Amino acid sequence: MAMLQLTGVRKAFGDNVVLDGIDLTVSAGQMVCLIGASGSGKSTLLRCMNLLEPIDDGAILLDGTDISEPGRDPQPVRTRIGMVFQSYNLFPHMTARANVELAPRRVRGQSGAALSDRVAALFARFGLADRMEHYPDQLSGGQQQRVAIIRALAMAPEIMLFDEITSALDPELVGEVLDVLRQLRAEGMTMVLATHEMGFARELADTVCFLDRGRILESGPPARIFETPQEPRTRAFLSRVL
């Protein structure tokens, strides 16, 4: 059964149509990778899934319920669908631990030893147990991005969205962030990623979607998309990036 389903999703900014009839189904435990050139609509698509952008037409269903209806409170949806961005967006005046604990305290009213222990376990799980009391400027880019992922996971989401989370990192730091995604993949987390890491998409994705001018031009298993793409535009894109 589809956990997240988009049907005919359209989004425009003025006369600029960014998403033009997107149909996408994400099942529980799947990893779906969105690939395509900059400006193809990948980031906007993720933002619409998380209700950071309202859609102009179509529907977004979470477990069969339309979450894209006008006037719906987005906060309950965002506790179920976490998102991590290109930039880490950590508060510079707060420690890594405080950054992670902020949303559970304010949104869910959690506090005390139970929250502290759960957050500490997340830091340990992703190799940052000794960095919890460090401030963002004391952490590497890769460590800050891992803290941003931990912050999203602290809300116990059912689905995770990742928007080009390695693009701002130095090449030698990319691997440590991708290892976090590998771990989440192995644990069965449902994920949708916009990524330029083609090798990673080929290795771990269940489905790869190639976006072009706001449409999913082609989608399927990684082997088919990367080895025998059907669309000329897909072939042209992959010939440049592989």
Side-chain angles (χ1 to χ4, degrees), residues 3-4 26 28-32 43 46-52 62-63 67 73-169 173-195 204:
M3 191 171 188
L4 188 66
V26 182
Q30 272 196 324
M31 174 185 277
V32 175
S43 295
L46 292 177
R47 291 176 65 84
C48 288
M49 290 179 188
N50 201 38
L51 305 189
L52 290 170
L62 178 60
D63 286 335
I67 61 173
D73 180 6
Q75 196 57 55
V77 173
R78 292 178 189 151
T79 61
R80 299 182 64 189
I81 304 178
M83 187 163 179
V84 181
F85 302 88
Q86 266 185 50
S87 54
Y88 324 125
N89 296 323
L90 301 176
F91 291 108
H93 64 290
M94 299 171 67
T95 64
R97 179 202 285 271
N99 267 281
V100 169
E101 291 184 350
L102 183 62
R105 289 182 186 279
R106 291 198 174 179
V107 176
R108 291 194 163 170
Q110 298 174 348
S111 62
L115 175 61
S116 181
D117 290 348
R118 187 160 58 84
V119 167
L122 283 169
F123 274 92
R125 177 175 157 194
F126 296 114
L128 292 175
D130 60 343
R131 295 292 187 269
M132 288 195 299
E133 305 306 331
H134 286 58
Y135 289 89
D137 65 359
Q138 298 173 311
L139 302 173
S140 70
Q143 289 170 339
Q144 289 185 65
Q145 192 60 284
R146 278 188 280 164
V147 172
I149 295 172
I150 291 170
R151 178 179 56 189
L153 292 173
M155 295 295 287
E158 300 164 38
I159 301 172
M160 285 291 293
L161 311 177
F162 299 97
D163 186 14
E164 303 284 7
I165 62 170
T166 60
S167 64
L169 298 177
L173 300 177
V174 169
E176 66 186 57
V177 174
L178 293 182
D179 283 343
V180 172
L181 299 186
R182 287 187 177 92
Q183 185 172 337
L184 293 175
R185 176 76 172 91
E187 293 168 359
M189 174 63 76
T190 305
M191 294 183 278
V192 184
L193 294 74
T195 184
L204 287 180

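Not measured: the values here are computed from a predicted model. Start at 1 with the first residue, then count along the sequence.
Contact of the His134 side chain with the Thr95 side chain is not registered, since no non-hydrogen atoms from C-beta on lie closer than 4.5 Å. The shortest side-chain heavy-atom distance between Met83 and Pro157 does not fall under the 4.5 Å cut-off. Looking at heavy atoms from C-beta onward, Leu46 lies out of side-chain contact with Asn50 at the 4.5 angstrom threshold.
One distance of note links CE of Met191 with CZ of Phe162; it measures 6.0 Å at 0.5 Å rounding. The CG atom of Leu204 sits 6.5 Å away from the CZ atom of Arg185 when rounded to the nearest 0.5 Å. Here the straight-line distance linking atom CD of Gln143 with atom CG of Leu173 works out to 8.5 Å at 0.5 Å rounding. Distance CZ/Arg125 to CZ/Arg118: 11.0 Å, rounded to 0.5 Å. Atom CG of Leu90 and atom CG of Asp137 lie 11.0 Å apart (nearest 0.5 Å). Atom-to-atom distance recorded for Glu176:CD and Arg146:CZ is 4.0 Å, nearest 0.5 angstrom.
Taking every heavy atom of both residues into account, Pro136 and Met94 meet most closely at CD-O, 3.2 Å. Between Arg78 and Leu51 the shortest heavy-atom distance is NH2-O, 2.8 Å. Listed here is the closest heavy atom pair of Ala96 and Leu139: CB-CD1, 4.4 Å. Closest approach of Ala124 to Ala129, counting heavy atoms only: CA-CB, 4.0 Å. Looking at every heavy atom in both residues, Met31 comes nearest to Leu181 through CE-O, 4.3 Å. When every heavy atom of Arg151 is checked against every heavy atom of Tyr88, the shortest pair comes out as NH2-O, 2.8 Å.
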Stepwise side chain to side chain contact (heavy atoms under 4.5 Å, CB included) check, Ile67 with Arg80: CA-CA 11 Å; Ile67 61 173; Arg80 299 182 64 189; over 6 Å; no

Check against side chain to side chain contact (heavy atoms under 4.5 Å, CB included), Ile159 and Leu4: CA-CA 9 Å; Ile159 301 172; Leu4 188 66; 4.1 Å; yes

Pair Gln145-Val180, side chain to side chain contact (heavy atoms under 4.5 Å, CB included): steps then yes or no: CA-CA 10 Å; Gln145 192 60 284; Val180 172; over 6 Å; no

Trace of the side chain to side chain contact (heavy atoms under 4.5 Å, CB included) decision for Phe123 with Asp130: CA-CA 8 Å; Phe123 274 92; Asp130 60 343; over 6 Å; no

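In this structure, the side chain of Asp73 engages the main chain of Gln75 through a donor-acceptor pair within 3.5 Å. Not one N or O on the side chain of Arg97 forms a donor-acceptor pair closer than 3.5 Å with the backbone of Ala120.
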